[in-house]
Amino acid sequence: MSEVQCCGCNEISEEEMLKQLDNILDDYQNTTGALIPVLQIAQNMFGYLPEAALKKISVKLNKPFSEVAGVVGFYSFFSTEPRGKYLVRVCLGTACYVRGGKEVLNALKKELKIDVGQTTEDRVFSLDIGRCFGACGLAPVIMVNDDVHQRVKPVKIAELMDIYRNKENDNKKE
Amino acid sequence: MISVYINNIKVEVEEGTTILSAAQKAGIKIPTLCFVEGKTPQGACRVCVVQVEGAKTLVASCCTPAADNMKIFTNTKRVREARRNVVELLLSEHDGDCKTCDRNNDCELQELARELGINTISYQGEKTQKTIDNSTPALTRDSGKCIKCRRCVTVCNEVQSVGSLFPQGRGFDTTIGPAFSRDLDSVVCVQCGQCAAICPVGAITEKNDIDEVWAAIDNPEKFVVVQTAPAIRAALGECFGYEPGTLVTGKMVTALRQLGFDAVFDTNFTADLTIMEEGTELLMRLKKALVDKQKVALPQFTSCCPAWIKFAEHFYSDMLDNISSCKSPQQMFGSVAKTYYAKKIGKKVEDMVVVSIMPCTAKKFENQRWEMNDSGLRDVDYVLTTRELGRMIMQAGMDFKSLPDGKMDSPLGMSSGAADIFANTGGVMEAAIRTAYEIVTGKELPLDGLHVEPIMGLDGVKKASLKITGTLKEWSFLEGVELKVAVVHTLSNARKIIEAVKNGEVFHFIEVMSCPGGCISGGGQPRFTDNSIRLKRIQAIYKEDEGKKIRKSHENPEIKQIYKEFLGEPLSHKSHKLLHTKYTART
């Protein structure tokens, strides 16, 4: 995917992204079962699923808008609200739960000063819960975007979040 | 064929048959709240559970195929208790104030609770969140009453291919409705009301206009006329305990008069008028195409059904020129009643109130369209469904069964048999053929062979081809022409025929009715409707047609009179102003 530059930063405008989504949808138009993969792609592009994108998906895949919205609302992975740059997901599957997932979650809430489903004011972090990432041997597990962090201890949460805060600060300096 | 044993009764069924269908074949009743005849079973309500010998758990009979030598029990203690439990759980979250519910005494959940002997509800828990959606002209949705059976989802998506309704969210918080649980006017909905017709409870109903109609009747300054659509007479009786398919035309007329309407007329009259206009329009289009070699939109589609019109405006805006410009019979009636008739009786248009009794919910949308004001004011003021009329008759305290037969008033009350059959799929086409044939050939069609068999019945897409011979001189361009017609009902079948047309299949005239079987099972008809009830109502309609002396629209003396006194001829300037309309593309 080519990155389009605007105003000197690395972000591309939502309008540009919608155009890119159009191109992607062309490839999926005649594929059965395309809805969920397309929603995943769109969510990765925008960081969330804006209504304009969902409308486009509905029209291009020839699926009623109510059905598209129904699928988006069913899976907790999809979000129609803008999310932070880093999505922190805490596993509360059985293994992680019994090994202290809940305490990890509480520590994150305290550290980020947000509740589950919310995003920090600076739009850097969003917090969510998950049900088993398939890494029970490493419990308790959290994921920050695609990074898996194993055997997380509540006392180490601040340190862990700092890694991402620093990354963000470095990006800004550049 | 395989053999299954249901309650020790041997039943032979084809392989792949579900347990539910096998039981129905054996005459054994299994209750269900989510099953929709002929469509993919949802297994959503779990009321249809049965016990299968050797199976660990109870199975949902609607979506479990019967297997050879399967031993099924529908009436064991375990089954009874499970069913009761399921219904109790549904009742525990259902907003169940039956006394004030639209479906009181007509509710499948209420009936099931009684059948299962539920006296108390053992579960006390959270109720479904209640939101009332009155955003559209025709339908009211009440999420608090919804039991999430998804029948409406099946009908809206699979039967109508519209897709307004879908489950939103998940778990206890699931709601059935438009995208993001918003109001119905936020998505495409054609207002056909098939969701209201199939809803087992009071979660989707027509918007109630009864009070407005009472107010008009009670206002001494208003002259209130009523028109009744052809499909009402074959279904209204069901509101009063008559068997489906009982014709109650005469009692209906008496009831309307006793309700206080100043004149009782027939939408059938304007159905005949529609045939005169729409038939002539078709012949003109054919003439333009065949003689003048002009580019003209063919095939011509019928325009009686407002849900079909809205569907085309949303999904096939490139085909709008193909739709007959004729208003529907309901709207033709409104504009004629407030002009021709008002003048005859010396009333001012503002003192006239036109009420329609329709089998349809989309008619409540149609009368509010901005185009429908050709009399100077809104042509049709209020639209009531068959069910609403039934309720008005009850409110008036009439004993419907003992009413004497009455006759429609004149001059908008006489109709031919051709108008009657507008009520069912294939009827408008047959009516048009009866008149067009006689116009083109000048010969009389014999009464005993009037039905056009290939376009009768409940097949979704019906086609026929009629060779035109023996034409009069002015229609000689049609000599030898093979007239190709198609008849479809349900909007998913409308899609099929439109796609066929776009792929080059040639037709001249296509009839579309949105509801399965046509208006006889419209969104406003008495519930519950399945194919056996549809067929009974259709039989009643054909009987009404066959019992009439005049069975062709152009022979109706009151039609001849209105052309002579008022309209001139079909497609005249006045006709165009009052009886024809335009369509607008919608997103």
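To find a chain, count down the sequence lines: A is the first, B the second, and so on, and within it residues start at 1.
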Identify the residues of residues 46-56 of chain A whose heavy atoms come closer than 4.5 Å to a heavy atom of chain B, ordered by number, or report 'none'. A:Glu51, A:Leu54
Need one label for B:Asp173: side chain, backbone, both or neither, based on atoms under 4.5 Å from any heavy atom in chain A. neither
More than 12 heavy atoms of other residues, nucleotides or ligands under 6.0 Å from CZ of A:Phe133: is that the case? yes
For A:Lys113, I'd like to know if atom NZ has over 12 heavy atoms of other residues, nucleotides or ligands within 6.0 Å. no
Considering only heavy atoms, which portion of B:Pro167 lies under 4.5 Å from any heavy atom of chain A: side chain, backbone, both, or neither? backbone
Strictly less than 4.5 Å between heavy atoms, which residues of residues 57-71 of chain A line up against chain B? Please order them by number. A:Pro64, A:Phe65, A:Ser66, A:Glu67, A:Ala69, A:Gly70
Give a yes or no on this: more than 12 heavy atoms of other residues, nucleotides or ligands lie within 6.0 Å of atom NZ of A:Lys153. no
Around B:Gln129, counting heavy atoms of other residues, nucleotides and ligands shown, do more than 12 lie under 6.0 Å from its CD? no
B:Lys502 atom NZ, neighbour heavy-atom count above 12 within 6.0 Å: yes
Crowding at CZ, B:Phe172 (>12 non-hydrogen neighbours, <6.0 Å): yes
Give a yes or no on whether A:Lys102 atom NZ has more than 12 heavy-atom contacts from other residues, nucleotides or ligands under 6.0 Å away. no
Answer with side chain, backbone, both or neither: which region of B:Val188 has an atom nearer than 4.5 Å to a non-hydrogen atom of chain A? neither
Decide if atom NZ of B:Lys39 counts as having more than 12 heavy atoms of other residues, nucleotides or ligands within a radius under 6.0 Å. yes
